[in-house]
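Taking it in order: structure first as structure tokens, then the write-up.
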Protein chains: 4
Amino acid sequence: MADAADDRLRLLIERIERLEEEKKGIGDDIKDVYNEAKSAGYDAKIMRQIVRLRKMKPDDRREMEAVLDVYKNALGID
Amino acid sequence: MADAADDRLRLLIERIERLEEEKKGIGDDIKDVYNEAKSAGYDAKIMRQIVRLRKMKPDDRREMEAVLDVYKNALGID
Amino acid sequence: MADAADDRLRLLIERIERLEEEKKGIGDDIKDVYNEAKSAGYDAKIMRQIVRLRKMKPDDRREMEAVLDVYKNALGID
Amino acid sequence: MADAADDRLRLLIERIERLEEEKKGIGDDIKDVYNEAKSAGYDAKIMRQIVRLRKMKPDDRREMEAVLDVYKNALGID
DNA sequence: ATTACCAATCTGCCAC
DNA sequence: GTGGCAGATTGGTAAT
């Protein structure tokens with residue numbers, strides 16, 4: 001009963017499923033590294049912030065941090 | 001055909017739907033305030049960071065910022 | 001030291017914070033209803049699906065369900 | 001200025017960054033497949049539902065669908 | 001053991 | 001129409 005269109009859809013789905021498995025594997029690897037870091041006494045939550053900051057272009061990051069400081073001063077934070 | 005159990009489920013669902021509507025209304029109000037802020041020249045994204053920071057207890061926030069600085073120095077950021 | 005611009009920003013932030021509190025309150029109310037439903041033996045996860053389905057226009061929902069069935073048949077699901 | 005602890009942190013961060021890059025690459029591949037499917041006339045949103053359903057154990061899926069039907073009947077959906 | 005909280009992923013939306 | 005952003009949901013974790 002499975003015609004050619006059915007096959008095409010099935011193949012697309014199966015490719016997606018294989019890729020999602022790979023993606024999950026890498027996600028697990030990342031989790032392992034964070035756990036290793038945690039065992040070494042590092043704070044995973046702050047490491048994640050670092051990773052986020054390093055993704056930004058340095059100039060953009062500094063600009064963002066500068067504006068944040070201005071707003072913090074306006075609000076009397078710190 | 002609708003028995004008492006059906007009614008009970010329906011009433012629960014309807015209460016949820018009413019509450020979700022209210023919640024959506026408030027979400028829209030929040031969006032309006034951000035738009036007003038944007039019109040006044042403020043950066044909405046950074047305002048959201050400020051709101052997040054103000055949710056934290058001051059001591060926790062300072063501690064977090066201090067650790068972040070240590071990590072940034074370790075990584076040579078800035 | 002707080003000038004007029006600082007005040008304006010502070011007022012905007014405070015309005016947002018008030019609205020977010022209200023929003024959180026309603027979110028808690030919704031959670032309460034789901035817990036009540038759970039106590040009555042209902043499955044919260046499926047109730048969420050129901051709420052989602054009821055948000056759709058009936059014709060759109062039926063169309064979507066029809067396509068889903070076609071795909072399920074193509075994949076031999078069921 | 002970089003001591004051994006700094007190096008350790010840096011190496012952990014770099015491992016994470018490499019893994020995140022790989023993960024992003026696979027995410028892009030998945031997106032490509034969905035786009036290919038879309039070009040062939042398939043509905044990506046429903047394909048995602050199919051993928052989700054296929055992740056479930058068949059018995060669990062059928063049980064879930066059965067309960068959903070019960071709730072739909074109780075609410076007069078369909 | 002459960003339950004609430006928190007983070008991370010995923011979906012939907014809006015702006016470009 | 002595409003990419004980024006915010007919101008929602010789900011899974012994991014920590015506390016009691």
Side-chain angles (χ1 to χ4, degrees), chain A residues 16-17 19-35 37-39 43-52 55-57 60 64, chain B residues 16-17 19-35 37-39 43-52 55-57 60 64, chain C residues 16 19-20 22-24 26-36 38-39 43-53 55-56 60 64, chain D residues 16 19-20 23-24 26-28 30-32 34-39 43-53 55-56 60 64:
Chain A
I16 290 166
E17 287 172 336
L19 289 165
E20 296 226 326
E21 261 179 87
E22 285 182 55
K23 193 170 153 216
K24 187 186 182 321
I26 296 178
D28 290 342
D29 291 345
I30 292 172
K31 194 170 300 185
D32 288 344
V33 180
Y34 277 116
N35 276 126
K38 196 175 162 186
S39 301
D43 182 316
K45 187 169 172 176
I46 293 177
M47 285 178 69
R48 288 178 196 275
Q49 286 193 58
I50 292 288
V51 170
R52 230 178 293 131
K55 266 187 199 145
M56 301 178 69
K57 291 197 299 190
D60 289 351
M64 187 269 282
Chain B
I16 290 166
E17 287 172 336
L19 289 166
E20 297 227 325
E21 262 179 86
E22 285 182 55
K23 195 170 152 213
K24 185 184 184 320
I26 296 178
D28 289 342
D29 291 345
I30 292 172
K31 194 170 299 185
D32 288 344
V33 180
Y34 277 114
N35 276 125
K38 196 176 164 186
S39 302
D43 182 315
K45 188 168 172 176
I46 294 178
M47 285 178 69
R48 288 179 195 274
Q49 286 193 58
I50 292 287
V51 171
R52 230 178 292 132
K55 267 187 198 146
M56 301 178 69
K57 290 196 301 187
D60 289 350
M64 188 268 282
Chain C
I16 290 166
L19 289 166
E20 296 228 326
E22 284 182 56
K23 194 169 152 218
K24 186 184 184 319
I26 296 177
D28 290 342
D29 291 345
I30 292 171
K31 192 171 300 185
D32 288 344
V33 180
Y34 278 115
N35 276 125
E36 186 183 331
K38 195 177 164 188
S39 302
D43 183 315
K45 188 168 172 177
I46 294 178
M47 284 178 69
R48 288 178 194 275
Q49 288 193 58
I50 292 288
V51 170
R52 231 177 292 131
L53 289 174
K55 268 188 197 143
M56 301 178 70
D60 289 349
M64 187 268 284
Chain D
I16 290 167
L19 289 165
E20 296 228 326
K23 194 170 152 216
K24 187 185 183 320
I26 296 179
D28 290 342
I30 292 172
K31 194 171 300 186
D32 288 344
Y34 277 115
N35 276 126
E36 185 183 331
K38 196 177 164 187
S39 301
D43 182 315
K45 188 169 170 176
I46 295 178
M47 284 178 69
R48 289 179 194 274
Q49 289 192 56
I50 292 288
V51 171
R52 228 178 294 130
L53 289 174
K55 267 188 198 142
M56 301 177 69
D60 289 350
M64 187 269 283

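Numbers restart at 1 for each chain; the letters A, B, ... are given by sequence-line order, proteins then strands. Quick note: numbers below take in every heavy atom, side chains included, and nothing from hydrogens, waters or symmetry partners. None of the values given here were measured: they were computed from a predicted structure.
Nearest-nucleotide mapping onto DNA chain E: of B:N35 and C:N35, the residue sitting toward the 5' end is C:N35.
Nucleotide E:dC5 holds its P atom 8 Å from the CG atom of C:D28, rounded to whole Å. Following rounding to the nearest Å, B:K31 (NZ) and E:dC13 (C1') show an atom-to-atom distance of 7 Å. As a whole-Å value, the separation of A:E20 CD from E:dT11 P is 8 Å. The interatomic distance linking D:I50 (CD1) with E:dT11 (P) rounds to 14 Å, in whole Å. Look at OH on C:Y34: it is 10 Å from P on F:dT10, rounded to the nearest Å. Distance, A:L19 CG to E:dC10 P: 13 Å, rounded to whole Å. The NZ atom of C:K55 sits 16 Å away from the P atom of E:dT11 (whole-angstrom rounding). Counting to the nearest Å, the C1' atom of E:dC6 and the CG atom of B:D60 are 14 Å from each other.
At E:dT11, none of the side-chain N or O atoms of D:K45 fall inside 4.0 Å of OP1 or OP2 (strictly under the cut-off). Residue D:R48 places at least one side-chain N or O closer than 4.0 Å to OP1 or OP2 of E:dT11.
The CZ atom of C:R52 sits 5.5 Å away from the CD atom of C:Q49 when rounded to the nearest 0.5 Å.
Closest approach of C:I30 to B:I16, counting heavy atoms only: CG2-CG2, 4.5 Å.
Using a 4.5 Å heavy-atom cutoff, the side chains of C:K24 and C:D28 are in contact.
At a threshold of 4.0 angstrom between heavy atoms, the contacts of D:R52 are confined to the sugar-phosphate backbone, with no base atom among them. Nucleic acid contact for A:K38: sugar-phosphate only, since backbone atoms but no base atoms lie under 4.0 Å from a heavy atom of the residue. Counting any heavy atom pair closer than 4.0 Å across all strands shown, A:K23 reaches sugar-phosphate atoms only and no base atom.
For the salt bridge (charged side-chain N to carboxylate O under 4.0 Å, His left out) with C:K55, the qualifying choice from B:E21, B:E20, B:E17 is B:E20, the only one to do so.
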Practice item. Could you go through the side-chain contact (heavy atoms from CB on, under 4.5 Å) check for B:I26 and B:K23 one step at a time? Key: CA-CA 5 Å; B:I26 296 178; B:K23 195 170 152 213; 6.0 Å; no
